[in-house]
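Counting convention: from 1, in listed order, for ligands and their atoms alike. Positions are given from 1 along the sequence.
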Amino acid sequence: MASAASSLTSAGGNDRFNKEAAAWDSNPFVHQMSSEAWKALQKYVPALQSHPKDLDVLEIGCGTGLLSFLVAPAVHEVVAVDAAEGMIDVLKTKIDKSQTKNITPVAVLLEDPDDPSLPPADSNVPSGPRKRFDLITSHLVLHHIPELEPVLKTMLGCLKPGGIIALTDFEDFGPEAKRFHPQNKMGGVERHGINAAWISSLMTQVGFHDVDVKVAWEHKKKVERWPGEFAPEEPIGPDQGELMNFSYVLCMGSKPA
Ligand SMILES: C[S@@+](CC[C@H](N)C(=O)[O-])C[C@H]1O[C@@H](n2cnc3c(N)ncnc32)[C@H](O)[C@@H]1O
């Protein structure tokens, strides 16, 4: 089986996200959707209501940290990882300029819970066992990952006993879901959204308990009327495209205590 790393590279995913990193935060859509993801996490993750300040959080595919910066003030720590170094460089600059100091950025394609680039469980033993987490999240990332089963296994390995995953992405509701991305943004897209029944069964198979996949919010997005309507690197004109409704799923599961 190809590793997630080699597939991501061959799909051009890293190239695409390294190139897009500097301008990522200028797109209002990514801010809006990160904000919706944070609202969903607060609504549905019980630990974020009962004892948020105790939580060590891992975010996989953090990009420039839009969601990390929303989560961090509420919790103990966010370890924010992304496979694209360009994204992590932007996040580092944002951390340097901000008051938020409990985000640890890491450039890695995480395939192993014991990856040495993750922080150690005990800062006095830097080469000792790696940190484990109460909550793992990711937003708009699952549809970029070629093989989800190994990544879900890695997430299970990164959790503390009783910890949970809460992952958000757009829903694959059928062939029309393909219209989520314009033709010029298909680089690194491995599937057109997440099918709820399919991922529920995969999460159960991997060993998660209390699996619950639900639609957490809906949003109307400007999509192309025909493939290639939008020009790369140019804003979408007012007379271009049409609005289409997309649902976003929240995929939750826990590691047995
Ligand atoms: C669509 S972007 C979303 C970024 C961010 N979550 C946001 O909403 O602004 C997807 C991100 O996932 C990262 N990514 C894709 N596959 C990954 C993987 N296997 N491990 C870590 N990051 C990954 C990409 O580098 C990219 O930054």
Inset, instruction - Using a 4.0 Å heavy-atom cut-off, say whether His139 meets ligand 1 through its side chain, its backbone, both or neither. - result: both

Legend entry - Same cluster (ILVMFWY, side-chain, under 4.5 Å), Leu202 and Leu110: yes

Inset, instruction - Would you check whether Trp24 has a nitrogen or oxygen atom less than 3.5 angstrom from a nitrogen or oxygen atom of ligand 1? - result: yes

Legend entry - Numbered atoms of ligand 1 (with element) below 4.0 Å of Val141, judged on heavy atoms: 12 (O)

Inset, instruction - Go through the steps for Phe17 and Lys19 under the test side chain to side chain contact (heavy atoms under 4.5 Å, CB included), then give the verdict. - result: CA-CA 5 Å; Phe17 291 116; Lys19 274 192 203 125; over 6 Å; no

Inset, instruction - Output the list of atoms in ligand 1 that are nearer than 4.0 Å to some heavy atom of Phe17, sorted by atom number. - result: 1 (C), 2 (S), 10 (C), 24 (C), 25 (O), 26 (C), 27 (O)

Legend entry - Proximal ligand 1 atoms for His144, defined as those under 4.0 Å from one of its heavy atoms: 1 (C), 10 (C), 15 (C)

Legend entry - Hydrophobic cluster identity match, Ile194 and Tyr44, side-chain contacts under 4.5 Å: no

Legend entry - For Met87, atoms of ligand 1 separated by under 4.0 Å from a heavy atom: 27 (O)

Inset, instruction - Could you tell me whether a side-chain N or O of Asp169 sits under 3.5 Å from a main-chain N or O of His143, the two making a donor and an acceptor? - result: yes

Inset, instruction - Return the option from Ala83, Ala84, Ala37 holding the heavy atom at the smallest distance from atom 22 (N) of ligand 1. - result: Ala83

Inset, instruction - Classify the contact between Cys62 and ligand 1 as side chain, backbone, both or neither, using a heavy-atom distance cut-off of under 4.0 Å. - result: backbone

Inset, instruction - For Leu109 and ligand 1, answer yes if some heavy atom of the residue is under 4.0 Å from a ligand atom, otherwise no. - result: yes

Legend entry - Of Arg179, Lys222, Arg225, the residue whose pairing with Glu242 passes side chain to side chain donor-acceptor pair (under 3.5 Å): Arg179

Inset, instruction - Work out whether the distance between some heavy atom of Leu67 and some atom of ligand 1 is less than 4.0 Å. - result: no

Legend entry - Donor-acceptor contact present, side-chain Thr137 to main-chain Ala166, <3.5 Å: yes

Legend entry - Residue pairs involving residues 233-257 (criterion ring pair (Phe, Tyr, Trp, His ring centres under 6.0 Å); sequence neighbours excluded): Phe180-Phe246, Trp217-Tyr248

